[in-house]
Amino acid sequence: MGLLNNAFPDNALTRTVDEAIGWGRKSSVWPMTFGIACCAIEMMAVYAATFDLDRFGAGVPRATPRQSDLIIVPGTVNAKMAVRVKRLYDQMAEPRYVIAMGACVCGGGPYVKWGYNTVKGVHKIIPVDIFVPGCPPRPEALIDGILKLREKIGRNDVFRRRQEAKEQMSAAYEA
Amino acid sequence: MNETKLHSRLREACPSGVGDLDTSAKDPFVVVEAAALVEAMVFLRDDPACAMEMLHLVTATEREAAIEVAYHLCSYTHHHSLTLKVVCPRPEGADQEWSPSVPSVASVYPSADWHEREQYDLLGVRFDGHPDPRRILLPEEWIGHPLRKQYVYPTSSGDIPLELDATPIYERPEGWTDPEHAPRAAGTPLVQPPNAPSARPHAGGKAPPPKPKGEGDEPATKPKPKPKGDGGAAPKGEGGDDMAAKIAAIKAAKAKKKKEGDG
Ligand code: SF4
């Protein structure tokens, strides 16, 4: 959408179109098949029948970063893995979203003090949208994270001019 | 067969280089000369009465006077096990770069291949005759062996920052260069409250030298990243001193209790 991105003033039409696009995006967040450490086990539980992430349109783990919108980073990112995580993130197409799952990727977790090899938070490597703390987080916590991400995606400005929308929002907030 | 019988049998087969059996340990072990290791392993594997089919673990320990490499063997056929140990004494005046060398047993037990690579990676034990002597866990270009007592913690690995207060790599300004970090002394944690020396007990090794005061972990020029997620940041400023005092008080109370309990 390159050229048309944020190219239009904020009016009823563009807002409706944006909302429609946002609804479409947030209802089909396809995560990448990706797991690093113990948290990945809990993430698999979220995909499986009991918790069933498909209820939120995110139950189709893609096998390649080029098809996925969301990368859940579940587990300890160490120096060797960080290079791979960054490369996978770089391969994803915009718009792309990142969920940091677990204490390890939120800021080092158990390895924060003596981990000679651990990256203290995956936000040192790639920009993170949602942090889900816990060691490991309960599946409900990850589902909550995905719901929060859905809200965030739904609020995105696609065609509307971003600055105006921002000002409006802050004005509404102050009023 | 129990360990005593295994030991006497092994000693009969290769009299030179096989030491005594230490039964005081929970896992009785035999100290073997490095030169006799491969011969002893081949005997234990091929002798029908021993029939050690599996080498399930190779580990190493750094002590003040030596680095010990332990080989844990067991037999499916006879349900017995034996531990062999090779002791590599630290030469006089050896610096921290010193790394012992032990003959590789990967040709006897293929399972030793990766275990030996791990011991090389983490403790710097060289295995002569190993088919593929590379690091196994850490990146190839890693410097040092992290489980050594005198290991200096790195602040970054290539482009990847390893500190809690590092600037995220996508927020680095143009022309960013790695800020000069003073290398940390062994056993210093990556992030610690200001002026609080490390309280980590040093098993076997020398106590870590106390950190010079006033030398913070973060250089003044480095921009501070916005705290995006709560990563369990260490207590900073005045809180740190309070914390240290509290921790000391708790430790003292515990020690007192233990004394009373013993007496
Ligand atoms: S946060 Fe806990 S459960 Fe998750 S990867 Fe780290 S250590 Fe494992």
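Convention: sequence-line order gives letters A, B, ...; per-chain numbering from 1.
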Where Glu163(B) and Lys124(A) come nearest, the two heavy atoms and their spacing: O-CE, 3.3 Å

Exceeds 12 heavy-atom contacts within 6.0 angstrom, atom CZ of Arg55(A): yes

Contact list for residues 29-54 of chain A, test side-chain hydrogen bond (donor to acceptor under 3.5 Å, both in side chains), sequence neighbours left out: none

Close side-chain approach of Leu162(B) and Thr118(A), heavy atoms under 4.5 Å: no

Other residues, nucleotides, ligands: >12 heavy atoms within 6.0 Å of Lys85(B) NZ: yes

Heavy-atom pair with the smallest gap, counting every atom of Ala79(A) and Trp142(B): CB-CZ3, 4.0 Å

Inter-chain contacts: residues 69-78 of chain A against chain B, heavy atoms under 4.5 Å: none

Residue pair Gly107(A) / Leu164(B): nearest heavy atoms and the distance that separates them: O-CD1, 3.5 Å

Trp98(B) atom CH2, neighbour heavy-atom count above 12 within 6.0 Å: yes

Taking every non-hydrogen atom, the tightest pair across Lys80(A) and Ile136(B): NZ-O, 3.4 Å

Mutual orientation of the aromatic rings belonging to Tyr116(A) and Tyr151(B) [parallel < 30°, tilted 30-60°, perpendicular > 60°]: perpendicular

Heavy-atom check, side chain of Lys86(A) versus side chain of Tyr170(B), under 4.5 Å: no

Engaged part of Val105(A) at the chain B interface, taking heavy atoms whose separation is under 4.5 Å: neither

